[in-house]
Chemist: 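First, the structure itself, so that you have it in front of you.
Residues: numbered from 1 along the sequence shown.
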Amino acid sequence: MALKEVFLALCSLWIGIRSQDNSCPAQCTCVDSYGEMTVTCGGQDLAVVPTNIPTNTVWLILKYNNLVKIGSHDFKGLKQLKGINLSNNQIRKISRGALRHLVHLDNIDLSGNKLRTLSEETFTVPLTAAKQEDRRFFVYLANNPWLCDCHLKWLAEQYANGSTVYSDRLVHCDAPDKLNGTFLSDVPLDKFKCGEEGTFVDSEPEDDTNTPQNTPRVEKGTPKHMSVETKITIVGVLLAVVLVVFVMFKIGKECQAGREDADTAIESKPMIPRNDNTVNKEVYM
């Protein structure tokens, strides 16, 4: 196959992958308004976060679905996200690493779910980035059945210190029984204790970001598929290599043609006899 044909084939592959990268999930609508992509997947009875959300998504709406868990790779690759609406699902667990790629995140709505507890580490990356850029980061937590034990004491401390990051509106304890119905912000810090019964520990080894087994939706024995970003990188490198080879080939061909033209010109140039009026010399070889 000629270099030109290889180059055209790689270009077609590149365009195809880019189209895949910016495709919209079948259950969602994708609208680009003034350069900001909004992906709306609300009320679609989704049990998992769609895997083919465009990487340039800025606002992601997943409210009123049946999501039960948010894993550490559900938002991987969506580094431009500024807002996520996960309200009114059935979410019981959010991985500590779920937001670790989202340095531009401004707000996340977790209200109206089944959350019993939540790790403070979940918000470390977006909160740190927001502080560095002097912008606000906000978390909605209303209407969840919170277990007010030692694992949620960090949130009570945030409220006690006047935090403006975590909403305290309609954030009340569901358990233990003696605190049922009490607003979390009104519970004394010394009441957040863990006993032998009713303690919920937010730990799932298979979804812990610190464990080597943590891979995105890949079961043991299942071959891993390359991400769109990896495919784009590989095709880009191949295009660059082919382009360099093509340019070098063209330059070499032109140089060779130039040398041949020069040689032809020299061979065809007529010899001009030397005219010396004063001295005639014969040269013998």
Side-chain angles (χ1 to χ4, degrees), residues 21 36-39 41 48-63 67-87 89 91-111 113 115-142 144 146 151-168 171 184 200-218 227-230 233:
D21 185 36
E36 291 191 346
M37 176 69 73
T38 298
V39 177
C41 312
V48 296
V49 177
T51 57
N52 57 332
I53 297 172
T55 57
N56 62 335
T57 300
V58 176
W59 308 102
L60 178 60
I61 302 172
L62 291 163
K63 62 183 180 180
L67 303 176
V68 175
K69 175 184 175 182
I70 301 299
S72 59
H73 288 80
D74 282 338
F75 303 128
K76 185 176 182 181
L78 305 178
K79 297 181 180 181
Q80 298 184 41
L81 279 178
K82 291 183 179 180
I84 306 174
N85 190 337
L86 293 167
S87 64
N89 278 275
I91 299 172
R92 300 175 183 273
K93 170 76 169 72
I94 297 179
S95 169
R96 287 185 291 260
L99 310 179
R100 72 185 190 276
H101 306 289
L102 309 183
V103 295
H104 300 296
L105 194 65
D106 289 331
N107 63 77
I108 181 169
D109 191 344
L110 301 174
S111 58
N113 281 285
L115 289 168
R116 300 275 284 167
T117 194
L118 198 58
S119 172
E120 186 176 12
E121 296 176 25
T122 304
F123 309 103
T124 298
V125 171
L127 180 56
T128 300
K131 288 180 178 179
Q132 291 175 345
E133 298 174 5
D134 195 25
R135 56 181 172 80
R136 189 183 184 190
F137 174 66
F138 197 71
V139 183
Y140 298 89
L141 299 169
N144 281 280
W146 297 109
H151 298 292
L152 210 57
K153 186 177 181 179
W154 69 268
L155 183 57
E157 291 174 341
Q158 289 287 331
Y159 291 149
N161 293 328
S163 173
T164 58
V165 174
Y166 306 97
S167 171
D168 61 353
V171 179
L184 194 147
F200 181 88
V201 179
D202 181 24
S203 63
E204 291 186 20
E206 69 274 10
D207 194 38
D208 195 324
T209 56
N210 296 322
T211 58
Q213 295 85 2
N214 185 26
T215 54
R217 300 181 184 178
V218 177
S227 65
V228 173
E229 292 85 355
T230 303
T233 302

Chemist: Assert yes or no for the condition that the ring centre distance of Tyr166 to Trp154 is strictly below 6.0 Å.
Modeler: yes
Chemist: Considering non-hydrogen atoms only, spot the tightest contact between His151 and Thr117 and give its length.
Modeler: CB-OG1, 3.7 Å
Chemist: Just verifying a value: how many Å separate Leu99 CG and Glu121 CD, rounded to the nearest 0.5 Å?
Modeler: 12.0 Å
Chemist: I'd like to check Phe123 versus Leu118 (side-chain heavy atoms, cut-off strictly below 4.5 Å). Are they in contact?
Modeler: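 Side-chain contact under 4.5 Å: yes.
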Chemist: Go through the side-chain N and O atoms of Ser163 and Asn161 and say whether any donor and acceptor fall under 3.5 Å apart.
Modeler: no
Chemist: What is the minimum heavy-atom distance between Leu141 and Leu110, and which atoms define it?
Modeler: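 It is CD2-CD1, 4.1 Å.
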Chemist: Just wondering, do Asp74 and Val48 contact through their side chains at under 4.5 Å, heavy atoms?
Modeler: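 Sidechains of Asp74 and Val48: no contact.
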Chemist: Could you tell me whether the side chain of Lys153 reaches within less than 4.5 Å of the side chain of Leu155, counting heavy atoms only?
Modeler: no
Chemist: Which residues pass the ring-ring contact (aromatic ring centres under 6.0 Å, His included) test with Phe75, sequence neighbours left out?
Modeler: none
Chemist: I'd like to know if the side chain of Asn113 reaches the main chain of Leu115, judged simply by a donor and an acceptor atom lying under 3.5 Å from each other, with no hydrogens or angles considered.
Modeler: no
Chemist: Looking at Thr122 and Ser119, what are the two nearest heavy atoms and their distance?
Modeler: OG1-O, 3.0 Å
Chemist: Which distance, rounded to the nearest 0.5 Å, do you find between the CD1 of Ile84 and the CG of Leu102?
Modeler: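 Going from CD1 on Ile84 over to CG on Leu102, the span is 5.0 Å.
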Chemist: Measuring from atom OG of Ser72 to atom CZ of Arg100, what distance do you get when rounded to the nearest 0.5 angstrom?
Modeler: 5.0 Å
Chemist: Is any NZ, NE, NH1 or NH2 atom of the basic residue among Lys82 and Glu36 found under 4.0 Å from an Asp or Glu carboxylate oxygen of the other?
Modeler: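 Salt bridge between Lys82 and Glu36, a charged N being under 4.0 Å from a carboxylate O: yes.
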Chemist: Distance check, rounded to the nearest 0.5 Å: Phe137 atom CZ versus Ile108 atom CD1?
Modeler: 6.5 Å
Chemist: Between Val103 and Arg135, which heavy-atom pair has the shortest distance, and what is it?
Modeler: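 In this case the closest contact between Val103 and Arg135 is O-NH2, 2.6 Å.
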Chemist: Any donor-acceptor pair under 3.5 Å linking the side chain of Thr57 with the backbone of Trp59?
Modeler: no
Chemist: Donor-acceptor pair, Asn89 side chain versus Leu62 backbone, under 3.5 Å?
Modeler: yes
Chemist: Over all heavy atoms of both residues, which pair between Val171 and Ser167 is shortest? Give the atoms and the distance, please.
Modeler: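 For Val171 versus Ser167, the nearest heavy atoms are CG2-O, 3.3 Å.
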Chemist: Which pair of non-hydrogen atoms, one from Leu184 and one from Leu152, has the smallest distance, and what is that distance?
Modeler: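 Answer, listing the atom of Leu184 first, then Leu152: CD1-CD2, 3.4 Å.
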Chemist: Would you call Lys63-Asp109 a salt bridge at under 4.0 Å N-O?
Modeler: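 No salt bridge links Lys63 with Asp109.
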Chemist: State, yes or no, whether a side-chain contact exists between Glu120 and Gln158 at a heavy-atom distance under 4.5 Å.
Modeler: yes
Chemist: Against Ile53, only a single residue in Val49, Asn56, Thr51 fulfils side chain to side chain contact (heavy atoms under 4.5 Å, CB included); can you say which?
Modeler: Val49
Chemist: Would you say the side-chain atoms of Asn107 pair up with the backbone N or O of Gly83, donor to acceptor, closer than 3.5 Å?
Modeler: no
Chemist: Nearest 0.5 Å, please: how far is SG in Cys41 from CD1 in Ile61?
Modeler: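 So the CD1 of Ile61 and the SG of Cys41 are separated by 8.5 Å.
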Chemist: Distance from Leu60 atom CG to Thr38 atom OG1, nearest 0.5 Å?
Modeler: 9.5 Å
